[in-house]
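Here the structure comes first, spelled out in structure tokens, and everything after it is commentary.
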Amino acid sequence: MQRTVLICDDAQFMRTMLSEILKQANFRIVGEAQTGVEAVTKYRQTKPQLVMMDIVMPDMGGIDAVRAIVAEFPEARILMCSAMGQQELVVEAIKAGARDFIVKPFQPARVLEAVQRVCG
Amino acid sequence: MDLSRFQALYAAETHEQLERLTGALLELDGGDVAHGAAEAFRAMHTLKSVAATMGHDAVAQLAHELEDALSTLRGRDTVEATTVDALLHGTDELRAAVTASLTAPVAEGEASAGSAPAPAARQVRVEEDRLGELADAVSEMAVLQARLNALAAAAEPAVAGLLEQMNRVVAELHVEMLALRMVPMAEVFGGMPRQVRDLARQLDKQVELRLEGGELRIDRAILEGLHEPLLHLVRNAVDHGLEPAVERAAAGKPPTGMLMLRAERDRAGIRIEVEDDGRGVAPQPGTAPEAASGLDASDGVADAMLRVISRPGYTTARQVTDVSGRGVGLDAVATKLRALGGALSMRTTPGAGTTFVLRVPTSRALTQALRVSVGDEDYVIPLTHVAEAIEFAAGSPVQVGSGEVVHVRGEAVRVVRLSAVLGTGTGGGERAAVLAEVGARRAALAVDELIGREQVLVKPFDVARGTLPLFSGATLLADGHAALVLDPASLV
């Protein structure tokens, strides 16, 4: 059975890239979000099995979005997408309830490894 | 994974982020520093990630360095103009690096055997020509449909019913077709803040630029044609219209000059105003009598002066500099706008400012036109070349030599009776004329009656050049009648 994923990133490029990688791993993309607020709303609507969450987004950042989602849905599986040099933010995101993280630029194999770790 | 498939997306994303970055950096310059810095940081960050993912390391490295520079701005209330200069310069370098990366071969990512999945199709790119062909086909369908409608009156009710349904679908299709080619005005406004800032710094002036109406949508072809004229008027306003701070203070004005770019809908399409609160354009006595003659100093209207300063012969003449200091290139602006089916006009009040008004249609296919009757037929004349419509007063036009002229605000204009040109054989009943302007040439096209303005869909003739010299196309009028579109350029 296909697993479902919500992709949150303000850059279309990144969303498309992640979609491609995850589709190859038999994921179904149930939604895309460009802001933290949108991520929370779309999570409520789609209840995906996995969330790919960018840290830097307009209106509500990824970390606050993690807090909001986890407060409502403690079972949420969120994978942070960070960039080089964001170690402190990654730690904060994990404390907020994210399950794991990957570092941009994405290597498809690394992404899939992390997804495997989070989804089991 | 073959990254070359993402090259177009990379180009679009980097373009968007560079625009966003420039906008955010300009915000640092006297605007909301915290917001500008955060926004610039996000744009830079995304650029870096995207470039790194594509393997364009030079771009990523440059973005990384700029990101570091930006991080020093956090928590500050003000940023020096020189710092903004440096950051904008860095953005230019980044843009150059991105441009170079677009032509560079894309690094292969990790090899992935297996079949390549179809890319996520959220947007499609379409060649403009094909869109144009599609638009032509839709227009042609509208013409056929109108002919069918004319026949349907005599047909069975079932046919009429079906035809009515089809009318709705064709109308919808037409609207959708036009919408496909529409883009927001913001695309042409976007580059202006940077231009204004750079020029103001160079000339040591203080200028505040305000933009309004960026959300209005307009045909891409028209938008692209607007870029140069707008840029020209904006640069002119900063260079010649707005005074240096000292001069402004002496005139009792705030030291910062105001420049406003405002787009609004109007009946003929979109109207864009380029307004400054600078010194205005004042005619110098004796240098431009033509300009002074039509100028009403009391209300500051100076369209007549515009006609003078925007004529090709005046652009490089000394008089122009004496008149206004801003004549150079206005003829190019006016010509370009006419080519787009638009027009240029101007208001000015000496000492208080100048406003240039650009009018363009929102779409090339749909044109505003004047419907006139000559003999038993109706014709349409695109407003592009129409300066004004006049009713003949008693005793007008007057015979002068072998021709006729009509006086329009003191100027004698040659009269062309359309009945004679079109060979309708009914002359003599003309009560009105359309004052047509093509470049510097003018003529009053005499018609029996002015019927009114209409939005028409022009279908150009696909015939050998010269075989139908008077007409540029045919159109369907709102009441279902077909009419020929007169080409003023061949008549004036």
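By convention in this document, chain letters (A, B, ...) are assigned in the order of the sequence lines, proteins followed by strands, and residues within each chain are numbered from 1.
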Check your understanding: Among residues 13-24 of chain B, which residues come closer than 4.5 Å to chain A, judged by heavy atom distances?
Key -> B:E13, B:R20

Review point. Considering all heavy atoms of both residues, which atom of B:R42 and which atom of A:M57 are nearest to each other, and what is their separation?
Key: CD-C, 3.7 Å

Check your understanding: Above 12 or not: heavy atoms from other molecules or residues under 6.0 Å from CD of A:E88?
Key -> no

Check your understanding: In Å and rounded to the nearest 0.5 Å, what is the NZ to NE2 distance from A:K104 to B:H45?
Key -> 5.0 Å

**Study point:** Residue among A:I29, A:D54, A:D10 with most heavy-atom pairs under 4.5 Å to chain B
**Key:** A:D10

**Study point:** Within 6.0 angstrom of A:F101 CZ, more than 12 heavy atoms from elsewhere
**Key:** no

Exercise for review: Determine, stepwise, if the pair A:M14 / B:T53 fulfils side-chain contact (heavy atoms from CB on, under 4.5 Å).
Suggested key: CA-CA 9 Å; A:M14 286 298 169; B:T53 305; 3.3 Å; yes

**Study point:** Within 6.0 Å of CZ in A:R28, more than 12 heavy atoms from elsewhere
**Key:** no

Check your understanding: For atom CD of B:E228, is the number of surrounding heavy atoms from other residues, nucleotides or ligands below 6.0 Å larger than 12?
Key -> no

